[in-house]
Amino acid sequence: MKKLAVIISLFAMLFTGVSCKKNYLEVNEVKTYVSPDDLYTNYNYAQQAVWNVYSYLPDGFSLLDYEAVTENAEATNISWASHTFNNGIWNQYNNPDGSWWRNFNGIRQANLYLANKEKVNIEYIKGQITTSDSSAWFNARNNVKFMQGEVLFLKAFFYFDLVKRYAGVPIMNQPLNYDDAATWKNLPRNTVDECIKYIVALCDSAATIIPSNLSPYSWYSQGRVTSGAIKTLKAKALLYGASPLFREAGATATWADAADAFHEVIASNGYSLDANYANLFGANNGSSNELIFYRRYGNTNNVERGNFPIVFLNSDGNSITPTQNFVDQFEVLQKDNNGNITGARAFDWSNATDAENPYANRDPRMAATVVYNGVTFSSTAIETFRGGNSGLPMLNATKTGYYLSKWVNQSVNLVAGTSAAHTWIYFRYGQILLDYGEAMYNAYGATADPKNYGMTALQAVNLVRQRVQMPSLTAAQLNQQSIQHERNVELGFEDQRLWDVRRWKGGTTHLNKPVNRIEIIKNGSTYSYTVTKLENRVFEDKMNWYPVPQDEITKTGWAQNSGW
């Protein structure tokens, strides 16, 4: 399929300055100098209006900073938003996450399109046909139909993005003006259960419009909404709805509901695991059959400027660095005398072998995610030991002893100013298998398949492990803790951990404890490793839900989320 140039250009605009700015989505205030009737009756303008709705999708690479709100990472730049969260100094008056504004404006743009979709006029195309080939008209007719399905999905996406942060939010079926307080004054705030059901209903409606097989529609560009994306969003909404935090808030979705919805995605046979895990985060990841819904940015080097180890000239030190807490999550491979893998165990600093050589024989996903001392990165040996080429006390060096490898393209030359394509992944098949595994385990246990889906929870999780040659888990080893562990090592730095921990009600366990760094001292040709505390973090139970912005509370009279 051809590239979706308009979406790419919009996304590239949003991505500019990703390493140093936080208000990425200010450009979404699109100014049009045409009347509403002209905007929605004109076919080309209407298509541009749909592209504009796409532009309100979250900027994935800016979300790397929010990985540092978990125990997985630390932002080197002390002015970045994650520090506000980690110090516990955010509230209904000061929340650096601008998702409320972005999502409700996206919902308004979606509602504007849906309210005017019947006005789109493509009759003029018939008059332009001078041969027996009338495909242009049929393509336009189908495109107008598909655009409705796309916008319904995007609206559902925006609502899901809100509900996982704020719990119940107002459901809007009319294009109310977010900037006009009068339109919000008497608007009710819907319950969590109503919102989950609404997201599911929007997805169900979109699924009747976007066909499961898009191959006959070669003009339907890559990056647009697909049937698989719609089914995945529905399933994820049900997964969240079945999770402890959401059930406590009144959601009625069950693990069985979520398992059934994820089975629909798997049974479509439209996706498969990429043979190479690291390929998922490189310049060519957009061509992987593992990707379900994603966002293309075009060529840029902003991620690299922020996250290259500081030894590289023009690396600006605005890095998101993995913590020792995260690195310790990767298991150690056990091997026989011939080097054959016989099993895996948890890494343990009290084990003398682990402590002496902590980066040997680890889960391969660690090397694909983390840059550690001694590894070769872009043809350069990285030294994160004290006094090394990328270690403290160098200005802007990593505070944790690590740098990020996932998403960072080593082929980029910052001195020459080269760049590479970047694609952020919202949904991928590896996520689906782990989501399905979690839902199936909680609904039916590790090895039961009472609905004859053809895959148990254990099989789903082991498929993900087997992709990177990690030994399979046994039924006795599969439990909620091992599922959570697998999600973190597989999906780290993909905007999953922060929301997973919250929906499990695990914030006070995982996000309210110190994060650690590694202190490495070089002695001749050997190294000594000491785990030390980097900083304390603050997380209270009330923080499982964001507070609704106070100005919305003031003008609507809604009850604020508990504890705020």
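From a predicted model like this one, the values you see are computed outputs, not experimental measurements.
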Side-chain donor-acceptor pair under 3.5 Å between T369 and S405, yes or no?
-> no
Which residues pass the ring pair (Phe, Tyr, Trp, His ring centres under 6.0 Å) test with F347, sequence neighbours left out?
-> W349
If you round to the nearest 0.5 Å, how far is CD of Q496 from CG of L63?
-> 10.5 Å
From F61 atom CZ to Y297 atom OH, the distance as rounded to the nearest 0.5 Å = 6.0 Å
Worked verdict on N396 versus D316 for side chain to side chain donor-acceptor pair (under 3.5 Å) = CA-CA 8 Å; N396 294 327; D316 62 23; over 6 Å; no
State whether the side chain of N544 and the backbone N or O of D541 hold a donor-acceptor pair below 3.5 Å, judged by distance alone.
-> yes
Go through the structure and list residues passing salt bridge (charged side-chain N to carboxylate O under 4.0 Å, His left out) with D500, not counting sequence neighbours.
-> R487, R503
Let me see the working for E438 and W504 under side chain to side chain donor-acceptor pair (under 3.5 Å), right down to the final yes or no.
-> CA-CA 12 Å; E438 181 182 354; W504 295 326; 2.9 Å; yes
Separation between CG of N285 and NE2 of H422, rounded to the nearest 0.5 Å = 9.0 Å
Could you walk me through whether R345 and D354 pass the salt bridge (Lys or Arg N to Asp or Glu O under 4.0 Å) check?
-> CA-CA 11 Å; R345 60 170 176 79; D354 290 356; 2.8 Å; yes
Is the closest side-chain donor-acceptor distance between K236 and Y426 under 3.5 Å?
-> no
Inter-residue atom distance L511.CG - M543.CE, 0.5 Å rounding | 10.0 Å
Do T254 side-chain atoms and D257 backbone N/O form a donor-acceptor pair below 3.5 Å?
-> yes
Check: Y453/D260 side-chain N/O donor and acceptor closer than 3.5 Å = yes
Are E535 and K399 ion-paired here, with the side-chain N under 4.0 Å from a carboxylate O?
-> no
From CG (L239) to OG1 (T232), nearest 0.5 Å | 11.5 Å
Classify the angle between the aromatic ring planes of Y166 and W100 as parallel (below 30°), tilted (30 to 60°) or perpendicular (above 60°).
-> perpendicular
Donor + acceptor pair across side chains of T252, D193 (<3.5 Å) = yes
Keeping to residues at least two apart or across chains, list the salt bridge (charged side-chain N to carboxylate O under 4.0 Å, His left out) pairs with something in residues 322-340.
-> E331-R465
Do side-chain atoms of D65 reach the backbone of A81 as a donor and acceptor pair under 3.5 angstrom?
-> yes
Hey, does the side chain of S482 reach the backbone of Q477 with a donor-acceptor pair shorter than 3.5 angstrom?
-> yes
Residue set satisfying ring pair (Phe, Tyr, Trp, His ring centres under 6.0 Å) with W255, at least two apart, ordered chain then number -> none
Considering the options Y402, W407, W424, F326, which one meets the ring pair (Phe, Tyr, Trp, His ring centres under 6.0 Å) requirement together with F493?
-> F326
If only atom types and distance count, is the side chain of E383 paired as donor or acceptor with the main-chain N or O of N389 below 3.5 Å?
-> yes
Go through the structure and list residues passing salt bridge (charged side-chain N to carboxylate O under 4.0 Å, His left out) with K231, not counting sequence neighbours.
-> none
Are the aromatic ring centres of Y240 and F160 under 6.0 angstrom apart?
-> yes
CG of N462 to OG of S472: how many Å apart, nearest 0.5 Å?
-> 4.0 Å
What class does the angle between the rings of F427 and F293 fall in, given that below 30° is parallel, 30 to 60° is tilted and above 60° is perpendicular?
-> tilted
Which ring pair (Phe, Tyr, Trp, His ring centres under 6.0 Å) pairs, counting each pair once, include a residue from residues 374-399, with sequence neighbours left out?
-> F308-F377, F312-F377, F385-Y527
Taken in chain and number order and not counting sequence neighbours, the residues that satisfy side chain to side chain contact (heavy atoms under 4.5 Å, CB included) with T84 are I89, W90, N94, P96
Contacts of type salt bridge (charged side-chain N to carboxylate O under 4.0 Å, His left out), residue D161, not counting sequence neighbours = R102, K164, R165
Taking atom types as modelled, find out whether N307 and S319 have a side-chain donor-acceptor pair closer than 3.5 angstrom.
-> no
T526 and N523: side chain donor to acceptor below 3.5 Å = no
In short, salt bridge (charged side-chain N to carboxylate O under 4.0 Å, His left out) pairs touching residues 366-381 with sequence neighbours left out are none
Begin from the C-alpha positions of D97 and Y546 and carry the test side chain to side chain donor-acceptor pair (under 3.5 Å) through to its verdict.
-> CA-CA 10 Å; D97 185 342; Y546 279 10; 2.8 Å; yes
Which residue pairs pass the salt bridge (charged side-chain N to carboxylate O under 4.0 Å, His left out) test with at least one member in residues 274-294, sequence neighbours excluded?
-> E290-R428, E290-R467
Which residues share a ring pair (Phe, Tyr, Trp, His ring centres under 6.0 Å) with F539, sequence neighbours left out | none
Can you establish whether the number of heavy atoms outside N284 located under 6.0 Å from its atom CG is more than 12?
-> no
Could you note down all residue pairs passing side chain to side chain donor-acceptor pair (under 3.5 Å) where residues 505-520 supplies at least one of them, sequence neighbours left out?
-> E248-K505, R386-E519, R497-H510, R517-E519
Residue pair T398 / T400, side-chain donor-acceptor N/O under 3.5 Å | yes
Determine whether the side chains of D495 and Y66 contain a donor N or O and an acceptor N or O closer than 3.5 Å.
-> no
